[in-house]
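Keep in mind that the numbers below use all heavy atoms, side chains included, and drop hydrogens, waters and symmetry copies. As the structure is a computational prediction, the values presented were derived from the model and not from experiment.
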There are 2 protein chains.
Amino acid sequence: MTARTTSAKTLGARTLGEGARDIPEATVARLPVYLRALTSLAEAGTRTCSSEDLAAAAGVNSAKLRKDLSYLGSYGTRGVGYDVDYLRYQIAREIGVTQDWPVVIVGIGNLGHALANYSGFRSRGFRVVALLDADPERHDEVVAGVDVRPFDDLEQIVTDHGVAIGVIATPALAAQDVADRMVACGITSILNFAPSVLSVPEGVDVRKVDLSIELQILAYHEQRKAQTA
Amino acid sequence: MTARTTSAKTLGARTLGEGARDIPEATVARLPVYLRALTSLAEAGTRTCSSEDLAAAAGVNSAKLRKDLSYLGSYGTRGVGYDVDYLRYQIAREIGVTQDWPVVIVGIGNLGHALANYSGFRSRGFRVVALLDADPERHDEVVAGVDVRPFDDLEQIVTDHGVAIGVIATPALAAQDVADRMVACGITSILNFAPSVLSVPEGVDVRKVDLSIELQILAYHEQRKAQTA
DNA sequence: CTCGTTTTGTTCTCGCGTTCACAAACTCCT
DNA sequence: AGGAGTTTGTGAACGCGAGAACAAAACGAG
């Protein structure tokens with residue numbers, strides 16, 4: 001009853017006078033893809049594109065794309081298409097990547113290293129303000145220009161920088177403890193790379209990325225292919 | 001029309017005399033989670049568990065869990081629950097992780113390192129048989145007990161080891177080329193970590209893991225929280 | 001100004017996935 | 001042996017998302 005992943009249900013009950021549109025979760029998950037496709041088009045010098053073009057670049061159906069964009073508003077021009085830069089800005093604003101998001105990463109193993117160095121974060125407004133690890137031997141290291149600090153500094157860092165998003169890249173056993181500490185400090189969004197199910201209170205969003213699960217899904221389909229062949 | 005992610009549609013049209021059950025895609029995605037939960041229960045010494053117990057450990061609704069398991073067969077006992085070891089074996093067999101899956105990883109940057117060292121692969125039957133990189137400077141390195149080899153060795157390795165699954169951990173620009181080469185060598189399942197949309201022919205499964213997209217989804221919800229507050 | 005062309009925004013329908021609710025089946029106790 | 005208590009497996013209802021199809025709107029040619 002506690003563990004809650006990002007769910008559209010709680011967001012549906014929103015009586016906001018202003019924008020008030022609640023975008024379906026499936027659409028939210030695709031907006032970043034559209035954003036990347038638009039960036040790619042802009043870099044190629046394209047000023048305007050049709051929904052067909054953009055859908056092809058994003059790898060989705062054009063009807064689905066138009067419906068997704070319609071949740072944001074009417075940013076296209078019939079008979080013409082979408083202005084690449086304008087649409088890009090609108091999506092970026094809607095997702096929230098026009099602002100700066102301070103992020104802490106806990107667990108500086110192989111994966112933590114990779115995440116800290118990942119350029120895709122910084123380019124989208126995510127700024128790694130701290131790397132934390134429980135192991136004192138790592139506290140001298142400097143990874144990606146940020147030095148590794150003890151896990152107990154979490155609260156200090158979170159309050160100092162106003163961190164709302166935390167990334168867990170620890171072993172499975174430590175993940176729940178880290179999550180609890182994060183929540184206690186005021187973090188309300190967690191990206192969990194540890195292979196464990198997290199329990200968090202209402203109002204905290206958790207997204208899970210599990211590398212081995214993805215491979216297992218592929219293995220299942222691969223096995224099916226082999227059986228019929 | 002070419003890019004196809006793992007879809008239940010094509011699997012539905014299957015006239016297999018034997019097991020012939022086509023498991024819904026959503027269920028397939030949860031089976032690895034159940035598998036991990038069962039392993040965890042087994043390590044804790046639990047011999048038997050109810051659907052309620054297992055559902056709690058896996059972080060899902062118990063009704064959903066029971067329905068998911070019912071696609072595999074009737075492996076429980078009413079009034080008692082499920083035998084942990086037995087169910088674990090059945091799920092593992094269904095997914096295909098009882099067998100050995102040779103895997104190649106292309107792109108040995110930070111993420112490639114992390115993937116090569118990830119213990120969760122080996123423990124589930126995935127064996128990294130080769131690490132490939134286009135950069136000649138890396139061909140001397142040994143990562144996770146496997147030495148890095150030139151990308152052109154791909155075909156040789158795939159045929160030698162019967163590799164069916166490939167992992168792409170290259171920059172975005174190289175990803176499509178790598179995918180094309182993989183497909184040409186006979187690889188039919190690709191796990192793509194590069195932030196780009198892959199085009200592959202019918203019959204090849206692609207799963208995408210995009211680190212920055214996950215953060216952007218969290219940012220969207222975080223922004224919504226802040227707006228109403 | 002009018003007509004034809006292009007492309008968006010939206011409505012409608014269908015299928016999948018989730019959840020509830022309950023009958024069937026098993027155990028244990030008396 | 002019989003009944004009370006559990007727990008599974010599944011039928012049915014419901015809601016969300018995908019895709020097709022079309023009407024509304026903009027543009028350009030004549």
Margin query: If you compare every side-chain N and O of Asn61(A) against the phosphate oxygens of dG17(D) (OP1, OP2), does one of them come in below 4.0 Å?
Written below: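 For dG17(D), OP1/OP2 do not have a side-chain N/O of Asn61(A) under 4.0 Å.
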
Notebook entry, point to check: Think Ser51(A) has a side-chain N or O under 4.0 angstrom from the OP1 or OP2 of dT7(C)?
Noted result: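 No.
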
So, [X] side chain and [Y] main chain: donor-acceptor pair closer than 3.5 Å or not?
X	Y	result
Glu214(B)	Leu191(A)	no
Asp53(A)	Cys49(A)	no
Gln176(B)	Ser199(B)	yes
Trp101(B)	Val163(B)	no
Thr27(B)	Ile23(B)	no

Checklist line | Earlier contact from the 5' end, DNA chain D, for Ala63(A) and Val80(A) | finding: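 Whichever sits nearer the 5' end wins; that is Ala63(A).
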
Next item on the list: Identify, between Arg78(A) and Ala26(A), the residue whose nearest nucleotide on DNA chain D lies closer to the 5' end.
Entry: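 Final value for this comparison: Ala26(A).
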
Check: Is the Tyr75(A) to Tyr86(A) ring centre distance short of 6.0 Å?
Finding: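 Yes: the rings meet the under 6.0 Å criterion.
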
Notebook entry, point to check: So do the side chains of Gln99(B) and Gln223(A) get within less than 4.5 Å of each other, counting heavy atoms only?
Noted result: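 Heavy-atom side-chain distance check passes, below 4.5 Å.
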
Of the listed nucleotides [options], the one nearest the side chain of [X]:
X	options	value
Lys67(A)	dT18(C), dA23(C), dG19(D)	dG19(D)
Ser50(A)	dT7(C), dG9(C), dG9(D)	dT7(C)
Pro24(B)	dG17(C), dA20(D), dG17(D)	dG17(C)

For the pair made of [atom1] in [X] and [atom2] in [N], what is the distance, rounded to whole Å?
X	N	atom1	atom2	result
Arg66(B)	dC22(C)	CZ	P	14 Å
Glu25(B)	dG15(C)	CD	C1'	15 Å
Tyr82(B)	dT6(D)	OH	C1'	13 Å
Lys64(B)	dC16(C)	NZ	P	17 Å
Leu72(B)	dG9(D)	CG	P	10 Å
Tyr71(A)	dT11(C)	OH	P	11 Å
Arg30(A)	dG17(D)	CZ	C1'	8 Å
Leu65(B)	dT7(D)	CG	C1'	12 Å

Next item on the list: Give me the bend of the helix from dC1(C)-dG30(D) to dT30(C)-dA1(D), using the axes of the five pairs at each end, rounded to 10°.
Entry: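 That helix gives 0° between its end axes.
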
Checklist line | Sugar-phosphate only, base, or nothing, as touched by Tyr75(B) at under 4.0 Å among non-hydrogen atoms | finding: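 It contacts sugar-phosphate atoms only.
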
